Amino acid sequence: MTPEPTPQPLIEASALRKMYGPHLALDDVNLSIPHGATGILGPNGAGKSTLFKCILGLIRATSGDGKVLNLDMRTEGHLIRSKIGYMPEYDSLDPGLNAIDQVRYSGELLGMNTSSATQRAHEVLEYVGLKDQRYRKIETFSTGMKQATKLACALVHDPEILICDEPTNGLDQRARKFMLETLRKTVTEGGRSVIMSSHVMDDVQEVCDRIVMIHKGRIVVQSNIDELVSQVEEEIEISVWGGASEMESQLSSMGMSVRRLGRNMRVSKEGDETYSRIMEAASACGVQVRKMADYEPDLEDIFLLIMEKLGEGVKGTEDLMTDDHMGVSV
Ligand SMILES: Nc1ncnc2c1ncn2[C@@H]1O[C@H](COP(=O)(O)OP(=O)(O)OP(=O)(O)O)[C@@H](O)[C@H]1O
Ligand SMILES: [Mg+2]
């Protein structure tokens with residue numbers, strides 16, 4: 001049997017660098033983003049928006065190469081933008097227009113004729129939940145409705161890839177949930193690819209299968225989320241009635257690795273016997289264990305551990321992302 005060919009990545013970059021004057025915003029970015037949903041994570045100023053603008057050919061990388069759907073980022077931006085929907089982080093809407101005209105206009109700017117742009121504007125505004133508000137002026141819209149309109153503008157030409165820069169910014173719980181569900185649906189039902197940036201791990205975890213983490217202009221991790229989670233050391237989380245400090249010392253004196261997190265403690269899990277050893281420790285110091293269960297790490301834990309590792313004086317993260325793992329796709 002011949003093996004299935006590896007599908008071509010949607011986006012590839014090698015040694016991409018972007019300087020704003022003397023300021024280095026992207027440094028030696030090597031990237032491969034496959035079909036599906038990818039989250040771009042990084043603190044303020046990490047370079048997320050700059051990376052999106054390079055991918056879209058809106059700004060030109062200072063050096064290095066990049067391809068999007070096999071088109072050159074540096075010279076074929078116009079063609080790339082006809083295949084990508086872009087929801088920018090800034091306010092890109094005209095407050096004096098109603099939603100239908102705004103979305104139709106976005107379609108026309110992307111080369112659609114008036115009648116197909118109008119038809120699509122109706123369809124996509126319904127898709128983003130604005131069917132009943134489509135004739136209202138954007139200046140009367142809430143932040144959630146404006147974000148949804150920006151999403152409709154990005155979808156008007158039925159792009160293969162949707163790039164959303166901080167799509168949940170400023171949204172309340174209901175609008176956020178709807179936005180995330182719509183993005184997920186665009187991948188699972190629409191078969192499109194979504195690349196979204198966020199500061200909020202939960203948002204990324206709800207939509208994406210893969211993450212790229214950027215720190216100070218460099219890619220520090222690119223991996224499937226499941227694979228990253230499986231690399232985190234297993235821990236048991238416990239909480240006790242009173243005597244937490246005694247319990248902590250007792251666990252340590254019995255050779256277990258323990259860390260306090262507010263009212264809870266996490267103990268490194270060496271195997272199932274760790275459970276009985278925790279109970280032994282509790283009876284030795286006379287405390288009652290209230291809760292004891294395997295801890296399920298989430299993206300937030302991973303992100304914090306990685307960021308901690310990148311910082312100064314990092315302690316206790318050696319087991320997660322050793323230098324061998326950093327910057328390497330898993
Ligand atoms: N047009 C510009 N001129 C000069 N410096 C810029 C410009 N745009 C961005 N920068 C700088 O480049 C770095 C990366 O910025 P970028 O906007 O890409 O970060 P980001 O990860 O999107 O941040 P945020 O989470 O705040 O949106 C920052 O230090 C920023 O100040
Ligand atoms: Mg940004």
Side-chain angles (χ1 to χ4, degrees), residues 11-33 37-66 68 73-74 77 80-81 84-93 143-144 146-151 153-154 161-171 175-176 179-180 183 193-208 210-223 225 299-300 302-304 306-312 326-327:
I11 296 173
E12 280 179 296
S14 69
L16 209 61
R17 171 185 283 250
K18 174 65 190 173
M19 311 277 301
Y20 291 113
H23 181 81
L24 184 58
L26 289 179
D27 186 14
D28 194 26
V29 166
N30 295 296
L31 191 65
S32 175
I33 298 184
T38 302
I40 311 284
L41 287 165
N44 287 127
K48 304 178 295 292
S49 299
T50 301
L51 176 64
F52 285 165
K53 289 176 197 160
C54 287
I55 290 171
L56 285 149
L58 289 169
I59 56 174
R60 191 179 277 227
T62 310
S63 59
D65 291 310
V68 182
M73 273 178 210
R74 279 149 61 91
I80 289 171
R81 289 192 293 280
I84 297 190
Y86 175 43
M87 185 180 165
E89 66 180 335
Y90 51 85
D91 189 358
S92 53
L93 305 172
T143 308
K146 284 185 190 159
Q147 286 295 83
T149 309
K150 278 162 62 178
L151 177 60
C153 292
I161 306 174
L162 182 61
I163 289 187
C164 303
D165 202 351
E166 314 259 359
T168 54
N169 233 359
L171 303 191
R176 170 185 167 268
M179 172 64 71
L180 297 174
L183 294 177
S193 289
V194 167
I195 300 165
M196 66 176 271
S197 68
S198 182
H199 292 104
V200 186
M201 309 300 137
D202 283 351
D203 289 4
V204 168
Q205 203 153 21
E206 272 176 50
V207 177
C208 303
R210 244 185 116 68
I211 52 158
V212 172
M213 286 189 188
I214 308 187
H215 184 65
K216 294 185 180 164
R218 284 180 160 262
I219 307 272
V220 290
V221 170
Q222 45 183 325
S223 169
I225 295 176
L299 203 48
E300 180 105 31
I302 295 169
F303 183 76
L304 290 175
I306 292 170
M307 286 299 149
E308 211 177 286
K309 166 112 181 156
L310 291 169
E312 303 265 313
M326 300 303 296

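Both counts, for ligands and for their atoms, begin at 1 and track the order of listing. The analysis underlying the following values was restricted to heavy atoms, covering all of them including side chains, and did not include hydrogens, waters or symmetry mates. Predicted, not measured: the structure shown is a model, and the values here were computed from it.
Between the side chain of Arg17 and the backbone N or O of Thr62, no donor-acceptor pair lies under 3.5 Å. Between the side chain of Arg81 and the backbone N or O of Gly57 there is at least one donor-acceptor pair closer than 3.5 Å. Side-chain atoms of Ser197 come within 3.5 Å of backbone N or O of Glu166 as a donor-acceptor pair.
Contact annotation: the side chain of Pro167 never approaches that of Asp203 to less than 4.5 Å [non-hydrogen atoms, C-beta and beyond].
Relative to the ring axis of Phe52, Lys48 does not place its NZ or CZ within 45° and under 6.0 Å from the centre.
Of the listed residues (Lys216, Lys18, Arg218), just one forms a salt bridge (Lys or Arg N to Asp or Glu O under 4.0 Å) with Asp27, and that residue is Arg218.
An angle of 70° is found at the Mg ion (ligand 2) between Glu89 atom OE2 and Ser49 atom OG, rounded to 10°.
Within 4.0 Å of ligand 1, protein heavy atoms belong to Tyr20, His23, Ala25, Pro43, Asn44, Gly45, Ala46, Gly47, Lys48, Ser49, Thr50, Glu89, Glu166, His199, listed by chain and number.
Residue side and main chain included, Asn44 places no N/O/S atom under 2.8 Å of the Mg ion (ligand 2).
By the 30° and 60° cut-offs, the orientation of the rings of Tyr86 relative to Tyr90 is perpendicular.
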